[in-house]
Amino acid sequence: PQREVKHVIWARNQPGWETGPLISSRAALVSPCRAPGQALTSPHLSPAQCWEVRKRNSSEWCHFIRTNPDCQLEGGFLDYLNGVFCVFPARLLPLAVTLYACWLLYLFIILGVTAENLAFSLTSPLHGVTFLAFGNGAPDVFSAVVAFSDPRTAGLAIGAVFGAGVFVTTVVAGGIALVKPFTAASRPFLRDVIFYMVAVFLTFMVLYFGRITLGEALGYLGLYIFYVFTVVLCTWIHRRQRGDGLAPPEPWEPELLTDAEDRESLGTSSGDYGEEYRPLLPYQETSLRILAAALSPVDYRKWRRKPWYWRLFKVLKVPVELVLLLTVPVVDPDKEDLNWKRPLNCLHVVTSPLLCILTLKSGTYGLYQIQGVFPVWALVALVGTVAAVLVFSTTSNEEPPKYHCVFAFLGFLASAMWINAAATELVNILRTLGVIFQLSNTVLGLTLLAWGNSVGDTFSDLTMARQGYPRMAFSACFGGIIFNILVGVGLGCLLQMTSSQMVVKLEPDSLLVWILAGALGLSLVFSFVAVPAQCFQLGKAYGACLILYYLAFLCVALLTEFKVIRLAAS
């Protein structure tokens, strides 16, 4: 013991003690101010960063991950760091990375399918700019909120918010101009770009001062509310001018989808095919047949006429769609029966509350036991079962009840919980990949997270442009992304604040953050100047310039991440 104490004293007298790594566990065991097995702490000693695990011998990886506080993931159902460094042997690290990459891609599919379901369920019964934008931007917003909840992953949120902004306003907008040259909607474009530039400037100032206060977080949400009010007011004024014959409808008003295209894009149920598929004689289906038909995620008529790649993607989506059908009710006022499926909706009364309680805080509250005996999830299941029996016994298969609209809000809540759970897993697995490859959270956010959250918007906007609606697709590039930055940053920081801590620190961790913010601001300024300069006639030259701009930005960002480009002082 005396030798061990001398070893500690000798270590404290060595140069670099305050900035060096933790001393050996053998010396730490003799600390008189600490219980056995507790890590040695010192006011002058900071724990090692989690990404330093790759610098150590592979035999030490598991112990380092399990004992380092910086390697503890917040929330989530799976411990990805423990899995890759403790479950898989070091020689199978490439296999673990491959499996994680496949799971990452599937998480993006889950987010996309759930967000599509949420957008459809909100667009029909609730009609409104705010809810429609929430449905479309839910993956981005939930990813930002989850990332902001932990200071160690805040760089993911900043990178994703700015990275998605640069990607959508350059690659997607430029791709629309390349696919189909068009005349942009002048007044909506100028309005959206001005609001977006104000939001980017506010975020730039927040990063410059390194903190965001309660008033500033509320200011983000207030600015979005003001944006929604401006959109509604402008639409009302324009419609009134059209009614008085003062405003022409053609120059800037977005086109409307036809009924067939609208049903296809919003994911109409496979059972709705029009009058030619309805039976000649009325008949009543049994509850079992209604439940079986409602739980079928595959339309066999559509399956036969679709190409192979559509079928392959459909096979990947079927498990997600089946789980959503079981847990998320959808109210569709465009249908005669409002999409009322009595046996399935009664099942939703049980499954939707169970889903919410088991996904909130990764099941922490759902697994809590009342008086140490009865679990909360069992109580929720019991109450839901009683409510389902009451609903089933007081309704019929043919006519929806008067309170059917309540199922729309239940579906909204269940979809939001699904997206939140998937976003939590997404942030955790991205942080794990960052530790494995020693990449910053910012570069992961502006690449993988931004690309994954934007891939759905990319395909839908380009498809819309090819079908002859380029102005609508172009407007979505600048209008929809405003919701992501204002609500993502505002709500994410607001939820992180507590009664004792009303300020959230957002200090940029590298030069890459400033390059990212500057690139987004510069792309907006370029479009704000170039589009009116071309009299809103956008062609292939404008699209090519935007795509080349993004490629140049991406090269600069990666060179900065790998320290090829750096400040002179560093």
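Worth knowing before you read on, the calculation uses all heavy atoms, side chains too, and leaves out hydrogens, waters and symmetry mates.
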task = Answer yes or no: is there a donor N or O on one side and an acceptor on the other, between the side chain of E561 and the main chain of L512, under 3.5 Å?
result = no
inquiry  = Donor-acceptor check, side chain of W61 to backbone of R56, threshold 3.5 angstrom: yes or no?
reply    = yes
task = Flag the pair I110 / V323 as yes when at least one side-chain heavy-atom distance between them is below 4.5 Å, and no otherwise.
result = no
ask   = Do R311 side-chain atoms and K306 backbone N/O form a donor-acceptor pair below 3.5 Å?
value = yes
ask   = Sub-3.5 Å donor-acceptor pair from the side chain of Q438 to the main-chain atoms of G434, do we have one?
value = no
request  = Determine yes or no for a side-chain-to-main-chain donor-acceptor pair under 3.5 angstrom, with Y100 supplying the side chain and T432 the backbone.
outcome  = no
task = To the nearest 0.5 Å, tell me how far F201 CZ sits from T203 OG1.
result = 10.5 Å
Salt-bridge present (K180, D461; N to O < 4.0 Å) = no
ask   = Hey, is the main chain of L316 close enough, under 3.5 Å, to the side chain of Y106 for a donor-acceptor pair?
value = yes
query = Is a donor on one side and an acceptor on the other found under 3.5 Å between the side chain of T327 and the backbone of S352?
reply = no
ask   = Are side-chain heavy atoms of R305 and W310 found at a separation under 4.5 Å?
value = no
inquiry  = Which heavy atom of P470 sits nearest to which heavy atom of I176, and what is that distance?
reply    = O-CG2, 3.9 Å
inquiry  = Out of the candidates Y196, F528, F474, only one should pair with F189 under the ring pair (Phe, Tyr, Trp, His ring centres under 6.0 Å) rule; please name it.
reply    = F474
key: Chi angles and distances behind the side chain to side chain contact (heavy atoms under 4.5 Å, CB included) call for C545, F526   = CA-CA 10 Å; C545 289; F526 171 76; 4.2 Å; yes
ask   = From L524 CG over to F478 CZ, what is the distance, rounded to the nearest 0.5 angstrom?
value = 6.5 Å
inquiry  = A side-chain contact here means heavy atoms from C-beta on lying under 4.5 Å apart; do N484 and V161 qualify?
reply    = no
ask   = Counting heavy atoms not belonging to F77, are there more than 12 under 6.0 Å from its CZ?
value = yes
key: Contact summary for V503 and T213, nearest pair of heavy atoms   = CG2-CG2, 4.2 Å
task = Can you establish whether the number of heavy atoms outside R211 located under 6.0 Å from its atom CZ is more than 12?
result = no
message = Go through it in stages, so that I can follow the logic: the residues are Y220 and L494, the test is side chain to side chain contact (heavy atoms under 4.5 Å, CB included), and I'd like the CA-CA distance, side-chain angles, deciding distance and then a yes or no.
response = CA-CA 10 Å; Y220 272 88; L494 188 64; over 6 Å; no
query = Do W451 and F108 come within less than 4.5 Å of each other through their side chains, counting heavy atoms only?
reply = no
query = Using a distance-only test with no angle check, is there a side-chain donor-acceptor pair under 3.5 angstrom linking R66 and N82?
reply = yes
Backbone N/O of F412 and side chain of S415: donor-acceptor pair under 3.5 Å = no
task = Grab the two heavy atoms, one from Y80 and one from L73, that are nearest each other, plus how far apart they are.
result = N-CD1, 3.8 Å
query = Between T442 (side chain) and V513 (backbone), is there a donor-acceptor pair under 3.5 Å?
reply = no
key: Side chains of L558 and V564 in contact at under 4.5 Å (non-hydrogen atoms)   = no
ask   = Between P181 and K540, what is the shortest heavy-atom contact and its length?
value = CG-CG, 4.5 Å
Residue pair V231, R191: steps toward the side chain to side chain contact (heavy atoms under 4.5 Å, CB included) verdict = CA-CA 9 Å; V231 172; R191 176 199 64 211; 3.8 Å; yes
request  = Please step through side-chain hydrogen bond (donor to acceptor under 3.5 Å, both in side chains) for the pair Y542 and Q537, ending with a clear verdict.
outcome  = CA-CA 9 Å; Y542 172 75; Q537 303 287 333; over 6 Å; no
task = Any chance you could measure L433, atom CG, to N428, atom CG, to the nearest 0.5 Å?
result = 11.0 Å
task = Give the C-alpha distance, both sets of side-chain angles, the deciding distance and a yes or no for side chain to side chain contact (heavy atoms under 4.5 Å, CB included) between L446 and F162.
result = CA-CA 7 Å; L446 72 93; F162 282 122; over 6 Å; no
key: side chain to side chain contact (heavy atoms under 4.5 Å, CB included) partner of L223, the single match among L486, I485, V228   = L486
query = CG/L520 to CE/M197 distance, rounded to the nearest 0.5 angstrom?
reply = 10.5 Å
message = Measuring from atom SG of C50 to atom CG of L81, what distance do you get when rounded to the nearest 0.5 angstrom?
response = 5.0 Å
task = Side-chain contact test, heavy atoms from C-beta onward, threshold under 4.5 Å: evaluate it for L546 versus S527 and give yes or no.
result = yes
request  = Compute the ring centroids of F204 and W514, then answer whether they are less than 6.0 Å apart.
outcome  = yes
query = Quick one: does F437's side chain get under 4.5 Å of W51's, heavy atoms only?
reply = no
remark   = Nearest heavy-atom contact between V168 and C477 is CG1-O, 3.5 Å
ask   = Between the main-chain N or O of N441 and the side-chain N or O of R431, is there a donor-acceptor pair closer than 3.5 Å?
value = no
remark   = To the nearest 0.5 Å, atom CG of L449 lies from atom CG of L104 at 9.0 Å
ask   = Got F553 and T170 here, is their nearest side-chain heavy-atom distance under 4.5 Å?
value = no
query = Which atom names give the shortest non-hydrogen contact between V487 and L221, and what distance separates them?
reply = CA-CD2, 4.1 Å
